[in-house]
Amino acid sequence: MFATKGLSKSFGRLTALLNVSFEVEEGEIFGIAGPNGAGKSTLFNVITGIYPPSSGRIFFRGKDITNYKPDQICHLGIARTFQIPTTFHTLSVYDNLRVGAIFGARRPQSADEVLELLGLEAVRHRPARNLDLYTTKLVMLGAALATDCKLLMLDEPMAGLSMAEINQFLEIVRRINQEKGVTIIIIEHLLDILISLTKRMLILSDGQVLYLGDSKEVTADRRVVEVYLGGKGGIAHAHR
Amino acid sequence: MLTVRELDCFYSDLQVLRGVSLDVGEGEVVALFGPNGHGKSTLLKAICGLQPPKRGSIRFKGEEIAGLPAHQIVERGLAYIPEERHLFSDMTVLENLYLGAYPRHARPVLKKNLEFVFHIFPRLAERRHQLCSTLSGGEARMVAIGRGLMSETSLLMVDEPSIGLSPGMKMAVFDAIRQIHCERGMTILIVEQEIQHALEMSDRIYLIKKGQIAFERRREEVQVDEIERAYF
Amino acid sequence: MKHVNWKFALAVLVLVFILLYPWLGASSYTKHLFILFFIWSIVAANWNLMMGYAGINSLGNIGFMAIGGYTAGILAKSLGVPPFLTIPIAGIVTSAVVTLALGLPALRLSGIYIALLTLIFADTLPSLLTQTREITGGAMGLHEIPPFYPGMDKTGAYYICFVFFLVVLFIIYRIVHSPTGMAFVALRDSENFAYCLGVNKFRERLKVFALSSLLTGAAGGMYVHALGDISPTTLGIEPFLLTIAMIELGGVGTFLGPILGAAVIVFGNEFLRLAGTLRLTLLGALICTIILFYPGGVIQLFHTIEHRVERLLNRKTPTT
Amino acid sequence: MENLVNALVSGLISGSLYATMALGLTIIYGVSRVFNFGHGVIAVIGAYITWYLLSVFGVPFLPATLLSLAFMASFGWLVYRFTMSPLLKKPNWEFSTVLFMLGAGILLENVVLQVFGPRVKSIPVLVDGALKVGFIQINWHEVALMGIVLVVIAALSLFFKYTRTGQAMRAVAQSIPGAQVVGINIEQIFGLTFALAFTVTGFSGILLGTKYYLNPHVGWEWMVKGFVIVTFGGLGSTSGAVVAALVLGLVEAVATLYFGAIWVWPIWFVLFLIVLLLRPQGILGGRT
């Protein structure tokens, strides 16, 4: 349902993405990982139209959406969250969701549905600035979800959460995927979480595809281990 | 030489560091490991004054420097080489290096330091009149490190020097850092993803996870599984 | 809930007072001041809608008002169009001209460029006016523009402007509390997130730009029919400064701020007349002082007082 | 033909004066990103102080100018230290500094009006007589002005290239974190930048005051021309500002010759609009 073909992005002389191609199936949870500076967030920004790609194409449900603007991409059914917890901090929780519902979905009642789905009724009238990290992340997720998206892109949603919160959050991600049939692309740093959550994943390194395939086999890939733990075969390799 | 105690640091409302304590002794090389987004860079930025801490103490050569503006910290002989490099892109390599010697105490020894920089990075000597915006990633990294050395520093903090570089360039950068330590006896605090390389050159390591020091080890005592577990 | 009620009561009280004022021994002069207050608070409120809510750093709104004023004046004087038509036409013409010539280009630009472009736009108008002396009266301006209705007195003008004032404020209130208003808060809090949730900044801003210039142009029309004349001095530095002062003094980005600011400035400016030539010096100093030391304006002062009073009351309740 | 050539020559002269006018703006913007909406009045103040020293105390031109520039430098530093510095630390500083400087400009304009009165003043010309080459006639005074402008521009570029402070200003303009990392005191450099820019602006006011009549309000017109020039040349670009000033000086002279002075402003506006739409980073500003 979603694919990129030969996507590249450079900023001046810096190449952030080079020839990245992958496909995501309808209803799938697809993982993206890679070390810092590998180009994961840039990939998200290019897909959601914040930066235009330098070359390559992006397809969503058979439609070429390369060079679409972020609001157009949202209206087609792709929503995203950000690595840095971002909400509209002067608006209430409910109004945060309403921004997505009114402008993204053009269907105000979707805000109420999301409020219920994520169990945010209790904090509905609270201003978004006074929330703990976990709830802030839920609100950000909720606003994205309220756009009636078909594809949800999550950028390191678990960073900074406690183990218990991570498990709770994973449960919610699975529910969104199963109950609402939303396809999900998730960037996550902790590989074990990604392995348990996804069937397939993409590993980026220096802006290029290092690994694309079955999540279970990723730790067996020598190059992946190398990238994560440093050159010369990595300490893990040297140790074994 | 550097003593950090109970440091709390915030990124707007988000607490990034929680009671971090760390020591770097004179002449030591200390490496800081930990997964991304867990506070390594923030710690370096807090020490060098770019991201003032909310609570806690940072003592450098016995003086409290927490909360001082960055330029006063540099003047005390502490240099930070940012991961993002922050070069002056419309200036030449040489102009960037000269600006590295901006603190007053660095100017009398400018020549000596410049020679040393060109000694460890001969490539920069060739490109001294080139604009920084036209350099490759590796060369730009060299300028950033060289600029830090120019400030006549006694403690060098290097943030992810190998990030985004080709394998060959990575080796060159690590060699240079090793040289800086061996030939100048510089005290170094390094954040690095290439654990193997960083481990080889360091005396001690710290591992940061979730904004806290998970453990501290001498190089001989490092358990590789321990690090692996923290990352995966 | 209680404090909402007393605020509402206060607002009603003020409105009733304004409604009855002509019968409470108002002089022709004080009625004139109220007319000025009605019109300027509309100009200020619309400017604030652009600047404070939509983040459009316009410095040309006085120019919009002048375009509306001249349009209405010329239509009424030269072509004999009745005022109930000239005012809407003034608004529409202003909005069309300004949105096409200024809004479409300016809103694609960022920050400082909007300020530059709008300021230079307003600066260009006086020379255009002198250039077209035959219809605009050049530096002399237009005089003896027909009033709202033949034989109108100050009380008539007072009530017409008052109704206009209420209608425009109601419209602005609705915009601020509409999805468009929410979009601006969202854009201010996090532009990229709003963008990715489907908010089109350019379109929302253009809407506000068109509407706000329409209402400002209409206010210009009200101005010429209520006061009878307009000249390039309307475009001068003093009205510009006065309006900026109203918004800053009242509180940027708040609904009531510019209205309060307009009240203080319009009535206060009369006292300032005593200061003679020092008046502009004092105004400049006032604006600087507010921006530097009290960026929230009068509204913030009210909020602080309100909080203090509430806290005082809360502290007393348990003890008594 | 004769008229055209003379117009071009006078366009070149006013263009070089506009260039010094634009320099102060672009220096402040380049380093601190503050757009000085009180710029014109600063120039006027510089000119008035010089005029006052010249005509009331009979101080010779050179010391009068130096005294006035010393005042401008300290004034610039004070303005930064006590108004811009706190404002820059608040959110929405971009527009609040604009409004503040606008308010301050009007305040100062009226202070000038109170102190010196509304009557037109003029600073005496530096040299009398005129130079005649064929049908072209240029006053020696104007030749001197062009020479001074050239010297000022050269001196500034040497300052930015070779002095420690000048390099630090460029460094701050290019990367604030980079400047912090090498130990540059940002606050100090910002303050010095304002001092320098006010000095240059005051000087341009003095030069303009020897060619045009001086009144308390003339600064606004100078300032708006400065705005258009720096936008043309690319905000923060010194060389761009100089070239743009010369081009616009010529355009203005030719437009006045063929269409009359009344069309000068609308033409500036249209040019400005075109530049903004085609290249918001300015004709000569390469980078955004």
Side-chain angles (χ1 to χ4, degrees), chain B residues 12 41 44-45 47-52 68-92 94-107 110 113 131-133 140 143-153 156-159, chain D residues 26-27 29-33 80-81 85-86 88-92 156-193 233-241 281-282 284-288:
Chain B
S12 64
S41 292
L44 296 198
K45 286 190 178 130
I47 295 172
C48 76
L50 286 185
Q51 176 104 38
L68 284 184
H71 68 95
Q72 288 186 20
I73 294 177
V74 178
E75 278 164 12
R76 284 170 160 73
L78 198 160
Y80 167 64
I81 294 159
E83 179 201 326
E84 308 89 334
R85 300 194 290 252
H86 295 307
L87 295 184
F88 310 119
S89 52
D90 292 344
M91 293 193 196
T92 63
L94 206 55
E95 281 178 305
N96 268 273
L97 294 177
Y98 279 150
L99 274 164
Y102 188 82
R104 285 184 193 281
H105 71 270
R107 270 174 289 165
L110 187 145
N113 283 333
L131 282 187
C132 281
S133 52
V143 178
I145 296 173
R147 195 179 62 181
L149 286 174
M150 294 295 290
S151 66
E152 185 62 13
T153 166
L156 194 65
M157 301 197 297
V158 202
D159 196 353
Chain D
T26 211
I27 290 171
Y29 184 85
V31 175
S32 71
R33 296 289 179 270
Y80 174 74
R81 179 65 188 73
S85 174
L88 282 172
K89 291 185 180 68
K90 289 178 188 160
N92 195 26
L156 274 177
S157 57
L158 288 177
F159 170 78
F160 283 124
K161 190 133 182 66
Y162 293 111
T163 66
R164 183 171 123 99
T165 309
Q167 285 176 340
M169 284 176 184
R170 276 164 69 213
V172 172
Q174 289 174 34
S175 166
I176 288 184
Q180 285 177 301
V181 162
V182 300
I184 293 172
N185 182 346
I186 306 286
E187 279 286 299
Q188 184 196 31
I189 292 299
F190 271 20
L192 289 175
T193 301
L235 282 179
S237 156
T238 325
S239 50
Q281 69 274 44
L284 297 146
R287 288 161 291 270
T288 40

(Q) Is D:Ala168 close to chain B through its backbone or its side chain, or both, or neither, when contacts mean heavy atoms under 4.5 Å? (A) both
Q) Among B:Met150, B:Met91, B:Gln72, who wins on heavy-atom pairs under 4.5 Å with chain D? A) B:Met91
Q) Rounded to the nearest 0.5 Å, how far does CG of B:Asn96 lie from OG of D:Ser175? A) 9.5 Å
With only heavy atoms counted, which part of [X] is less than 4.5 Å from chain D, the side chain, the backbone, both or neither?
X	answer
B:Glu95	side chain
B:Arg107	side chain
B:Leu50	side chain
B:Pro103	both

Q) Considering all heavy atoms of both residues, which atom of B:Tyr102 and which atom of D:Val182 are nearest to each other, and what is their separation? A) CB-O, 3.7 Å
Q. Which atoms form the tightest heavy-atom contact between B:Glu75 and D:Gly183, and what is the distance?
A. OE2-O, 4.4 Å
Q.
Applying side-chain contact (heavy atoms from CB on, under 4.5 Å) to B:Leu99 and D:Gln167, what does each step give before you reach the verdict?
A. CA-CA 7 Å; B:Leu99 274 164; D:Gln167 285 176 340; 4.1 Å; yes
Q. Partners of D:Tyr29 by ring-ring contact (aromatic ring centres under 6.0 Å, His included), sequence neighbours excluded?
A. D:Phe35
Q. What residues form a ring-ring contact (aromatic ring centres under 6.0 Å, His included) with D:Tyr80, not counting sequence neighbours?
A. D:Phe190, D:Phe194
**Q.** Cation-pi check, D:Arg170 onto B:Phe88 ring (under 6.0 Å, within 45° of axis)
**A.** no
Q. Any side-chain heavy atom of B:Pro82 within less than 4.5 Å of one from D:Val181?
A. yes
Q | Expected output: side-chain D:Gln174 to main-chain B:Ser89 donor-acceptor under 3.5 Å | A | yes
